[in-house]
Visitor: 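Structure below; questions to follow.
Since this is a predicted model, take the numbers as computed values, not measurements.
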Amino acid sequence: MPRHDRPTRTGQLALWLAGLTLSFGGASLAADYTLLATPTTVAWGYYSGLAKPVLTVHSGDTVRMQTLSTCGSPERMVGGGVKPEDIPSYTAPIYSEVKDIGPGGHILTGPVEIAEAEPGDVLEVQILKVDIDVDFACNAFGVGRGFLPMEYPYSRYKIIPLDRKKMIARFAPGIELPLHPFFGSMGVAPAGGKIDSAPPFVHAGNLDNKELVAGTTLYIPVHAPGALFQAGDGHAGQGNGEVDITALETALTGTFQFIVRKDMHLRWPRAETPTHYIVMGLHEDLTEAAKLAVREAIDFLVTEKHLTRDDAYMLSSVAVDFCATELVDGNKGVHGMIPKAIFRK
């Protein structure tokens, strides 16, 4: 090339630095995406390590994900009292066109591939924003479902109006519930093929943890290349336990930033809020789930706060709140809330 077209030594250095920034995924290069819920961008009832990603992003990128509620088909919602014009327009095509259904019932948006993620890594999911997309929620129980299946041998379906300006649900005359929207299901793929979307496990999935609102972070062990993140099962609010098997089910759009953590290695999902660290235990037996959560709390306090195992066990007893996350999804959940305020520098 002519001499004046050749990069100077300074220019070569600048190009090298630019390439270095690109290779390490600098924040300045992070991209923003929007993923709408369509018949080709949802997984109905499963997580799968063999699923084809509907979007590929890189560590540091942000994705805004539109999701359906678990209130059912448009016909069911109209039957419950929802006006047809209030049902999101993307609902009907998904119900009419998606044929690959089950074994679970959640309609999850994704999977999103994070290119750098490999088995053994941890996917850091920063929950930046959670928007409620409609003015109603539903709650339902059915025969043989929920925590008291033999005491309610029938089904009921209830539409609950939401006031998004006041951020309240009008459950019944004289009963108003504050809204704290979060996704009941956020997870990554297992190492193999399809698994039911209902039971939460090491892939996270249907955690139903009401603490995971906007401004919190979920850490999930990666089991399949690309992680293959999915989200759905939107809740406007929920009580710990989710005892009748549903919450304030509603349609949400979430904004997530994905960061691949090659410096972390976890056995179970963990989370962090502005005020607490959260450890989790998931098992079909509630006692075993609680034991797993306590062991995770001890492990966190030993590895991250450098306590002895004896002190970690004692601190778990005097300062950590262990709560029943959910009691109804096959694997039951217990989470431990470790307050940040007790750790003083």
Visitor: Return the CE to CG distance between Met264 and Leu123, rounded to the nearest 0.5 Å.
Guide: 10.5 Å

Visitor: Do Asn240 and Lys210 come close enough that some side-chain heavy atom pair is under 4.5 Å?
Guide: yes

Visitor: State plainly whether one hydrophobic cluster holds both Trp44 and Val188, where clusters connect Ile, Leu, Val, Met, Phe, Trp and Tyr through side-chain heavy atoms under 4.5 angstrom apart.
Guide: no

Visitor: Donor-acceptor check, side chain of Ser317 to backbone of Met314, threshold 3.5 angstrom: yes or no?
Guide: no

Visitor: Where do Phe136 and Thr250 come nearest, in terms of heavy atoms and distance?
Guide: O-OG1, 2.8 Å

Visitor: Heavy-atom count check: over 12 atoms from other residues, nucleotides or ligands less than 6.0 Å from Lys129 NZ?
Guide: no

Visitor: Find the distance between CD1 (Ile338) and CZ (Phe322) and round it off to the nearest 0.5 Å.
Guide: 7.0 Å

Visitor: Within a radius of less than 6.0 Å around NZ of Lys340, do more than 12 heavy atoms belonging to other residues, nucleotides or ligands occur?
Guide: yes

Visitor: Just checking Tyr313: does its OH atom have more than 12 heavy atoms from other residues, nucleotides or ligands closer to it than 6.0 angstrom?
Guide: no

Visitor: If you round to the nearest 0.5 Å, how far is CD1 of Ile87 from SG of Cys71?
Guide: 9.5 Å

Visitor: Start with the C-alpha distance between Asp131 and Thr253, add both sets of side-chain angles, then the distance that settles side-chain hydrogen bond (donor to acceptor under 3.5 Å, both in side chains), and finish with yes or no.
Guide: CA-CA 5 Å; Asp131 294 314; Thr253 293; over 6 Å; no

Visitor: Does Glu326 reach the side chain of Asn206, with side-chain heavy atoms less than 4.5 Å apart?
Guide: no

Visitor: What's the shortest heavy-atom distance between Met280 and Ala271, and which atoms?
Guide: CE-CB, 3.9 Å

Visitor: Can you get from Val202 to Leu50 by hopping between Ile, Leu, Val, Met, Phe, Trp and Tyr side chains that sit under 4.5 Å apart?
Guide: no

Visitor: Would you check if the side chain of Ser185 reaches a backbone N or O of Asp233 as a donor-acceptor pair within less than 3.5 Å?
Guide: no

Visitor: Would you call the rings of Tyr152 and Phe141 parallel, tilted or perpendicular, taking 30° and 60° as the class edges?
Guide: perpendicular

Visitor: Using the salt bridge (Lys or Arg N to Asp or Glu O under 4.0 Å) rule, take Asp100 and Lys194 through it: C-alpha gap first, then chi angles, then the decisive distance, then the call.
Guide: CA-CA 11 Å; Asp100 184 11; Lys194 282 186 180 181; 2.5 Å; yes

Visitor: Take a 6.0 Å sphere around CZ of Phe147 and say whether it holds more than 12 heavy atoms from other residues, nucleotides or ligands.
Guide: no

Visitor: Side chain of His276, backbone of Ile278: donor and acceptor closer than 3.5 Å?
Guide: no

Visitor: Decide yes or no for Trp268 and Pro221: does some side-chain heavy atom of the first lie under 4.5 Å from some side-chain heavy atom of the second?
Guide: no

Visitor: Using modelled atom types only, decide if a donor and an acceptor are shared between the side chain of Asp61 and the backbone of Ala31 within a distance under 3.5 Å.
Guide: yes

Visitor: For a side chain to side chain contact (heavy atoms under 4.5 Å, CB included) with Val98, tell me which candidate from Val42, Thr40, Ile107 qualifies.
Guide: Val42

Visitor: Where is the tightest heavy-atom contact between Asp196 and Ala198, given as atom of each residue plus distance?
Guide: OD1-N, 2.8 Å

Visitor: With a 3.5 Å distance limit and no angle check, can you tell me whether Glu249 reaches the backbone of Ala247 through a side-chain donor-acceptor pair?
Guide: yes

Visitor: Fit a plane to each ring of Phe300 and Tyr277, take the angle between them on a 0 to 90° scale, and name the class: parallel (under 30°), tilted (30 to 60°) or perpendicular (over 60°).
Guide: tilted

Visitor: Looking only at non-hydrogen atoms, find the nearest pair between Arg164 and Asp133 and report the distance.
Guide: NH1-C, 3.3 Å

Visitor: Contact between Val243 and Leu327 at the side-chain level, heavy atoms closer than 4.5 Å - yes or no?
Guide: yes

Visitor: Can you name the nearest heavy-atom pair linking Arg270 to Leu218, along with the distance?
Guide: O-CD1, 3.4 Å

Visitor: Drop me the distance from Leu248's CG to His180's NE2, to the nearest 0.5 angstrom.
Guide: 10.5 Å

Visitor: Return the minimal non-hydrogen interatomic distance between Gly72 and Thr91, and the atom names on each side.
Guide: O-CG2, 4.4 Å

Visitor: Counting N and O atoms only, with roles assigned by atom type, does the side chain of Lys332 sit under 3.5 Å from a partner on the main chain of Glu284, one being a donor and the other an acceptor?
Guide: yes

Visitor: Just to verify, what does Thr325 make a side-chain contact (heavy atoms from CB on, under 4.5 Å) with, not counting sequence neighbours?
Guide: Asn209, His335

Visitor: Closer than 3.5 angstrom, by distance alone: can the side chain of Asp163 be matched with the main-chain N or O of Lys165 as a donor-acceptor pair?
Guide: yes

Visitor: Got a donor-acceptor contact below 3.5 angstrom from the Glu242 side chain to the Asp208 backbone?
Guide: no

Visitor: Is the shortest side-chain N to carboxylate O distance from Glu118 to Lys262 below 4.0 Å?
Guide: yes

Visitor: Between Glu296 and Arg267, is there a salt bridge with N-O shorter than 4.0 Å?
Guide: yes

Visitor: With ring centroids as reference points, do Tyr47 and Phe201 lie under 6.0 angstrom apart?
Guide: no

Visitor: Would you call Gln66 and Thr109 a side-chain contact if the rule is heavy atoms closer than 4.5 Å?
Guide: no

Visitor: I'd like to check His58 versus Leu29 (side-chain heavy atoms, cut-off strictly below 4.5 Å). Are they in contact?
Guide: no

Visitor: Do other residues, nucleotides or ligands put more than 12 heavy atoms under 6.0 Å from the OH atom of Tyr95?
Guide: yes

Visitor: Indicate yes or no: at least one non-hydrogen side-chain atom of Phe183 is less than 4.5 angstrom from one of Leu212.
Guide: no

Visitor: Please determine whether the number of non-hydrogen atoms from other residues, nucleotides or ligands lying under 6.0 Å from atom CZ of Arg261 exceeds 12.
Guide: yes

Visitor: Are any side-chain N or O atoms of Asp244 and backbone N or O atoms of Thr246, one a donor and one an acceptor, separated by less than 3.5 Å?
Guide: yes

Visitor: Nearest 0.5 angstrom please: Ile259 CD1 to Glu124 CD, how far?
Guide: 4.0 Å

Visitor: So Ile342 and Leu315, do their side chains get closer than 4.5 Å, heavy atoms only?
Guide: yes

Visitor: Can you measure from OG1 (Thr303) to CD1 (Ile298) and round to the nearest 0.5 angstrom?
Guide: 11.5 Å

